[in-house]
There are 2 protein chains.
Amino acid sequence: MRAEPASLRERKKQRTHAALVDAAVRLFRARGYDATTVEEIAAAVEVSPRTFFRYFDGKEEVALAPFVEFDRLLVDALADRPAAERPLPALRAAYETSLTHLAGDRGVLDRFLTAHFLTGQTPALLAGRLRRQADTERLLAAEIARRCGTGDDDVRPHLLVQLVFAAARVGFETGCRRGVLDQPEKLAASVVHALDLATAGLTRHWGEPWA
Amino acid sequence: MRAEPASLRERKKQRTHAALVDAAVRLFRARGYDATTVEEIAAAVEVSPRTFFRYFDGKEEVALAPFVEFDRLLVDALADRPAAERPLPALRAAYETSLTHLAGDRGVLDRFLTAHFLTGQTPALLAGRLRRQADTERLLAAEIARRCGTGDDDVRPHLLVQLVFAAARVGFETGCRRGVLDQPEKLAASVVHALDLATAGLTRHWGEPWA
DNA sequence: AGCTAGTTTGTCATCGACTGACAAAAGACA
DNA sequence: TGTCTTTTGTCAGTCGATGACAAACTAGCT
């Protein structure tokens, strides 16, 4: 997926980064987000608090790191779809690919679900997550606009992405409420169902090259 | 719309609240959100910083106060729709009523557009706004579920609200980008257009009592 | 190995958001 | 007027976040 830097410095940085995420997520889950200080996270990795802020823009970012991971999967997955594919199928395929990847790696899934759990507990984290999602949505909309050759004034790329994300959110949410930890495959099914409902009729009503 | 308290204390509190919002919004627009301190806002109203935090949970809340105002309009408008009306028309009508109300009052509109401008400039504010919207969406979904008599496990109320809000966001955004300050009525038109695109075919595909 | 240049980290100082505790001021009411 | 309740101000303190500078470290070269 990515080139190996192999430089001693690089590897050390990556290890510190991962260690900070792990320690933070673990502490957040144990004591709660607000009750955990940056100082404690840094201490757990034996690093100065100042260094923590050199790896992350803030306490929030480290808690949302798992979502950054997933969004990167999603953007990459869309970029990998064949150029001829229409937007809606491409988006759905990208989403399903990412979900499969997520459910396949226990480590990634655990981090993601913990982060999701935290956003459900801490309003400030939910806020940050939604804003991050908005950024990703803009990225995806731009990619779709590029594929379709539409101008910046066409609302349909943004609208389509918003619909898909809205549906995915709802599907994901209900999927989680019915216990995903046991059967990760049900998560994807729940999302797909919501997508079906949300995009029903788009093909018929938005015209041929669309949806 | 609301009972008159008339108590001297109550009136004083309301005046302080409004003065804080006005001062805050004015300062935020002039110097930027991050560059404005709570101390400055409090000083502008001749109140101690401690008192500021008794009126608002934080600096963020005072900046988002105009959205709270609008969301309240929206929730009230939906509650006022006839019980027999189906969800989608009811939601759309509620949204249009609120937009009309918004565009009709210059003071409310100014505060709202300034707040919207600020969220476009400050990531932290955008985050808070999105979270707030999520709360409102849950409120509206619950109200729709109540109207339709569906259980908590039906995704359609949530999904419908998400679709409408997603469309409204996109419509609002593009409407703003094409200059709303001149013609507030174009704002509503832009939103309606996005709503049409997003919900095209829902009636046909979701079945009779729905959409 | 030893030297040098560039990078990463720690220390220190500081700011601003936010909170608890308690005292002072002001409205409410007999 | 005197008392009771609510609101406000003062004070002290915690925590998140950032700039500045020095110390430790790595890379690459001799």
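Each chain gets a letter, A, B and so on, in the order the sequences are listed, and its residues count up from 1.
Counting heavy atoms from C-beta on, the side chains of A:K13 and A:R9 never come closer than 4.5 Å. By the 4.5 Å heavy-atom criterion applied to side chains, B:E61 and B:L64 are not counted as neighbours.
A distance below 6.0 Å separates the ring centres of A:F172 and A:H116.
The two residues B:V161 and B:I144 come nearest to each other via the heavy atoms CG2-CD1, 3.9 Å.
Side-chain N or O atoms of B:S190 include none that pairs as donor or acceptor with a backbone N or O of B:K186 at under 3.5 Å.
Within 4.0 Å of A:Y55, counting heavy atoms only, lie sugar-phosphate atoms of the nucleic acid but no base atom.
Shown are A:D34, A:L125, A:T114, A:V62; of these, the side chain to side chain contact (heavy atoms under 4.5 Å, CB included) with A:F28 is made only by A:V62. Applying the side chain to side chain contact (heavy atoms under 4.5 Å, CB included) test between A:L88 and each of A:L195, A:T199, A:L163 identifies A:T199 as the sole match.
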With the criterion being N/O to N/O and under 3.5 Å, what pairs connect the protein with nucleotides 12-16 of chain D, and how long is each?
{"from": "D:dG16", "atom 1": "OP1", "to": "A:T36", "atom 2": "O", "distance (Å)": "3.4"}
{"from": "D:dG16", "atom 1": "OP1", "to": "A:K59", "atom 2": "NZ", "distance (Å)": "3.1"}
{"from": "D:dG16", "atom 1": "OP2", "to": "A:V38", "atom 2": "N", "distance (Å)": "3.4"}

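The separation between A:D57 atom CG and D:dG19 atom P is 11 Å, rounded to whole Å. Here the C1' atom of nucleotide C:dG16 and the CD1 atom of B:I41 are 12 Å apart, to the nearest Å. In this structure, A:R11 atom CZ and D:dT26 atom C1' are separated by 12 Å, rounded to whole Å. Nucleotide C:dT19 holds its P atom 7 Å from the CZ atom of B:R50, rounded to whole Å. Across the protein-nucleic acid pair, B:L27 atom CG and C:dG16 atom C1' stand 16 Å apart, rounded to whole Å. We find that CD of A:E46 is positioned 14 Å from P of C:dT9, with the value rounded to whole Å. One interatomic measurement links the two molecules: CD of B:E61 to C1' of C:dA17, which rounds to 14 Å at whole-angstrom precision. Taking atom NZ of A:K13 as the reference point, atom P of C:dG6 lies 17 Å away to the nearest angstrom.
In this structure B:F52 satisfies the ring pair (Phe, Tyr, Trp, His ring centres under 6.0 Å) test together with B:F56, sequence neighbours excluded. For B:V68, the side-chain contact (heavy atoms from CB on, under 4.5 Å) partners two or more places apart in sequence, or in a different chain, are B:R72, B:R132.
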Seminar exercise, completed: Protein-proximity profile, nucleotides 22-30 of chain C, B/S/- by nucleotide at the 4.0 Å heavy-atom cutoff, equals ----BBS--
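End-to-end axis angle of the helix from C:dA1-D:dT30 to C:dA30-D:dT1, using five pairs per end and rounding to 10°, comes to 10°.
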Enumerate, atom names and distances included, each donor-acceptor pair closer than 3.5 Å involving a side-chain atom of residues 37-48 of chain A, sequence neighbours excluded.
{"from": "A:T37", "atom 1": "OG1", "to": "A:E40", "atom 2": "N", "distance (Å)": "3.1"}
{"from": "A:E40", "atom 1": "OE1", "to": "A:R31", "atom 2": "NH1", "distance (Å)": "3.3"}
{"from": "A:E40", "atom 1": "OE1", "to": "A:T37", "atom 2": "N", "distance (Å)": "2.9"}
{"from": "A:E40", "atom 1": "OE2", "to": "A:R31", "atom 2": "NH1", "distance (Å)": "2.7"}
{"from": "A:S48", "atom 1": "OG", "to": "A:R50", "atom 2": "N", "distance (Å)": "3.4"}
{"from": "A:S48", "atom 1": "OG", "to": "A:T51", "atom 2": "N", "distance (Å)": "3.2"}
{"from": "A:S48", "atom 1": "OG", "to": "A:T51", "atom 2": "OG1", "distance (Å)": "3.2"}

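Within the structure, every side-chain polar atom (N or O) of B:T51 is placed at least 4.0 Å from both OP1 and OP2 of D:dT8.
Taking the six-membered ring where the residue is Trp, B:F70 and B:F112 present tilted rings, their angle falling between 30° and 60°.
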